[in-house]
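Input: a single structure, listed below in structure tokens.
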There are 2 protein chains.
Amino acid sequence: MHGPPWWHGRFRGCGYRLTIPRDAILNVLSKASKHLSAEEIYFAVHKIYPAIGLTTVYRTVDLLAGMGLVHKFDFGDGRSRYELSKGPGSIHHHHLVCRGCGRVIDYTDFIDEEAELFKQTEAALSKKYNFKIKSHRVQFYGLCEKCKPKEENKE
Amino acid sequence: MHGPPWWHGRFRGCGYRLTIPRDAILNVLSKASKHLSAEEIYFAVHKIYPAIGLTTVYRTVDLLAGMGLVHKFDFGDGRSRYELSKGPGSIHHHHLVCRGCGRVIDYTDFIDEEAELFKQTEAALSKKYNFKIKSHRVQFYGLCEKCKPKEENKE
DNA sequence: ATGGGAATGGGAATCATTTTCATTAAGGGT
DNA sequence: ACCCTTAATGAAAATGATTCCCATTCCCAT
């Protein structure tokens, strides 16, 4: 748990500078338990470095997504959400999105089975469409246990 | 290919009215070969019924999504895109999204294998998280054959 | 320490989507 | 076919996330 965070290495020789704002944003993301919006990142970072602006958050998060350090998600609530991609302690997972309240549940169940199938699918699609696949998104939409009852009352 | 379009039946006794704008928008979507944005739908519909406003397009498309007649997608280009969901002639498919040019390729390969796995996954997730799953999205991101070479030149 | 390109931040600008509200039109009951 | 109730509509304004602009600041190789 000591020494520089793992992402420092990713900034070596790639032409980008590891600045205070970038490091701070990565720190916030690494501590976040959930998928943060740009504004949420801004508020969190602002507590430690009040000088960091929202514009920088957008730019940084975009850069990091380009570097593959963070994943950008859209859960249909009108704003993008970001999550550290790899790194220690993070497991590949997919999402369950509630259409009622917007809650997002990460799940890792069946990931192994999915992974196997996706590996095959990716290989075949890459070949067939001459497409270089870099990542994938899987999301299930529906109603969480709190919103299910509400929906039933409507009828 | 004659008689009223299949979706007319879906407006019976559901409390919603089948109006000219709604029918026109459904017609546009049924003829569209690709995923249209609200604005694209607006332009297409506008050619036939110039009185129909963009607001109505948004409202309608939202309603139709709620009814399950259309699917709403986000391919990361800053606007939502819509596609008729079921109906004759449409097959369940997933998407390949190019990060370079934004092109979207529909594919149906492996859908059967995926379907089987997803059926199991959905059942298990529903139970474990007490979640009512209504739909899913699968998207692969990467570079299409045109954008792959460009990317390589950057290095 | 210094010069130059990279990075930043604040405010204005952009652009998709939503809200408001006065007007219009579906479609069931007659 | 004609009302009548109420859902649906459209134009304009509002909203809200994200991006642009540009003067200033920062990093780092020399």
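Protein chains get the first letters and strands the later ones, always in sequence-line order, with residue 1 at the start of each.
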Open item on the list: Working to the nearest 0.5 angstrom, can you tell me the gap between F73(B) CZ and R137(B) CZ?
Closed with: 4.5 Å
Open item on the list: Tell me if a side-chain donor or acceptor on S126(A) pairs with a main-chain N or O of K132(A) at a distance below 3.5 Å.
Closed with: no
Task: Inter-residue atom distance W7(B).CH2 - L29(B).CG, 0.5 Å rounding - done: 8.5 Å
Task: Distance below 4.0 Å between T56(A) side-chain N/O and dG9(C) OP1 or OP2 - done: yes
TODO: Toss me the dot-bracket line for DNA chain D: Watson-Crick and G-U wobble, both under 3.5 Å, 5' to 3', using | for pairs to another strand and [ ] for crossers.
DONE: ||||||||||||||||||||||||||||||
Open item on the list: What range of DNA chain D does chain A touch, first nucleotide to last, counting atoms under 4.0 Å from its heavy atoms?
Closed with: dA17(D) to dC27(D)
TODO: Output the distance between atom CG (L54(A)) and atom CD1 (I41(A)), rounded to the nearest 0.5 Å.
DONE: 9.5 Å
TODO: With rounding to the nearest 0.5 Å, note down the distance linking CG in L143(B) to NZ in K134(A).
DONE: 5.0 Å
Result block: side-chain N/O donor-acceptor pairs under 3.5 angstrom for residues 60-72 of chain B, not counting sequence neighbours:
residue: T60(B); atom: OG1; partner: T56(B); partner atom: O; Å: 2.7

Report, one pair per line, the protein and nucleotides 14-17 of chain C atoms (nitrogen or oxygen only) whose separation is under 3.5 Å.
residue: dA16(C); atom: OP1; partner: R79(B); partner atom: NH2; Å: 3.4
residue: dT17(C); atom: OP1; partner: S80(B); partner atom: N; Å: 2.8
residue: dT17(C); atom: OP1; partner: S80(B); partner atom: OG; Å: 3.2
residue: dT17(C); atom: OP2; partner: Y58(B); partner atom: OH; Å: 2.4
residue: dT17(C); atom: O5'; partner: Y58(B); partner atom: OH; Å: 3.3

- [ ] Could you tell me whether the side chain of R79(A) and the main chain of S37(A) form a donor-acceptor pair under 3.5 Å?
- [x] no
Task: Enclosure of K119(B) NZ (heavy-atom neighbours >12, cutoff 6.0 Å) - done: no
Task: Contact residues, residues 16-28 of chain B to DNA chain C [heavy atom, < 4.0 Å] - done: R17(B), L18(B), I20(B)
Task: Gap separating the CD1 atom of I48(A) from the CD1 atom of I25(A), nearest 0.5 angstrom - done: 11.0 Å
- [ ] Check step by step if side-chain hydrogen bond (donor to acceptor under 3.5 Å, both in side chains) holds for H92(B) and E114(B).
- [x] CA-CA 11 Å; H92(B) 183 62; E114(B) 288 183 8; over 6 Å; no
- [ ] Anything under 30° is parallel, anything over 60° is perpendicular, the rest tilted; go ahead and classify H136(B) against F118(B).
- [x] tilted
Open item on the list: If you count heavy atoms of other groups shown closer than 6.0 angstrom to NZ of K47(A), is the number above 12?
Closed with: no
Please enumerate all protein N or O atoms sitting under 3.5 Å from an N or O of nucleotides 28-30 of chain C, with distances to 0.1 Å.
none

Open item on the list: Strictly distance-based, threshold 3.5 Å: is any side-chain N or O of R22(B) a donor or acceptor partner for the main-chain N or O of R17(B)?
Closed with: yes
- [ ] Classify the angle between the aromatic ring planes of Y42(B) and H46(B) as parallel (below 30°), tilted (30 to 60°) or perpendicular (above 60°).
- [x] tilted
TODO: Measure the spacing between CD1 of I133(B) and CG of L125(B) and express it to the nearest 0.5 Å.
DONE: 5.0 Å
